[in-house]
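One structure below.
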Amino acid sequence: MELRIINEDTFRALLRQWHAVGRGLLTLPKVTRTKDGISVAIVSLDNVTINTLETPFKNYKSYLSWYGDQLDKIGYY
């Protein structure tokens, strides 16, 4: 798989694509702990690219708050 670093707007655009095809978004991102903090990634629709958010989070609380905000912004209900 190709690895790509993306910004928040691109991450949100990928969430919209997955939402449009009916994928549940609550368990979609791959969340891992790294030496820099919490890293979050999302695979492309064609399963060719792993898109990792450019900025890691300091803890799970900050990640979950941010991710909840992203879901609200795309209108995920």
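Along the sequence shown, residues carry numbers from 1. Computation of the quantities below employed the complete heavy-atom set of this structure, encompassing side-chain atoms and omitting hydrogens, waters and symmetry-equivalent molecules.
- For the pair Glu54/Glu8, no side-chain contact is recorded, criterion being any heavy-atom separation below 4.5 Å from C-beta on.
- To the nearest 0.5 Å, the span separating NZ on Lys61 from CD1 on Ile38 amounts to 14.0 Å.
- Note: Thr52 OG1 to Arg4 CZ = 10.0 Å, rounded to the nearest 0.5 Å.
- Between Leu53 atom CG and Asn7 atom CG the span is 8.0 Å, to the nearest 0.5 Å.
- The CG atom of Leu71 sits 9.0 Å away from the CH2 atom of Trp66 when rounded to the nearest 0.5 Å.
- A donor-acceptor contact shorter than 3.5 Å is absent between the side chain of Asn51 and the backbone of Ile6.
- A side-chain donor-acceptor contact under 3.5 Å links Ser44 and Asp46.
- The CG atom of Asp72 sits 11.5 Å away from the OH atom of Tyr67 when rounded to the nearest 0.5 Å.
- A distance of 11.5 Å separates CD1 of Ile42 from OG1 of Thr10, quoted to the nearest 0.5 Å.
- Note on Leu26: it clusters hydrophobically with Val31, by side-chain heavy-atom contacts below 4.5 Å among ILVMFWY residues.
- If you chain together hydrophobic residues whose side chains sit under 4.5 Å apart, Phe57 and Ile5 never meet in one group.
- Lys73 approaches Arg16 most closely through the heavy-atom pair O-NH2, 4.0 Å.
- A ring-centre distance under 6.0 Å is not found for Tyr76 and Trp18.
- Val21 and Ile74 fall within the same hydrophobic cluster, where Ile, Leu, Val, Met, Phe, Trp and Tyr residues are linked whenever their side-chain heavy atoms come under 4.5 Å apart, directly or through other members.
- Closest heavy-atom contact between Ala41 and Phe11: C-CE1, 4.3 Å.
- In this structure, the side chain of Ser62 engages the main chain of Asn59 through a donor-acceptor pair within 3.5 Å.
- No more than 12 heavy atoms of other residues, nucleotides or ligands sit less than 6.0 Å from atom NZ of Lys30.
- Considering only heavy atoms from C-beta on, Val48 stays 4.5 Å or farther from Met1 through its side chain.
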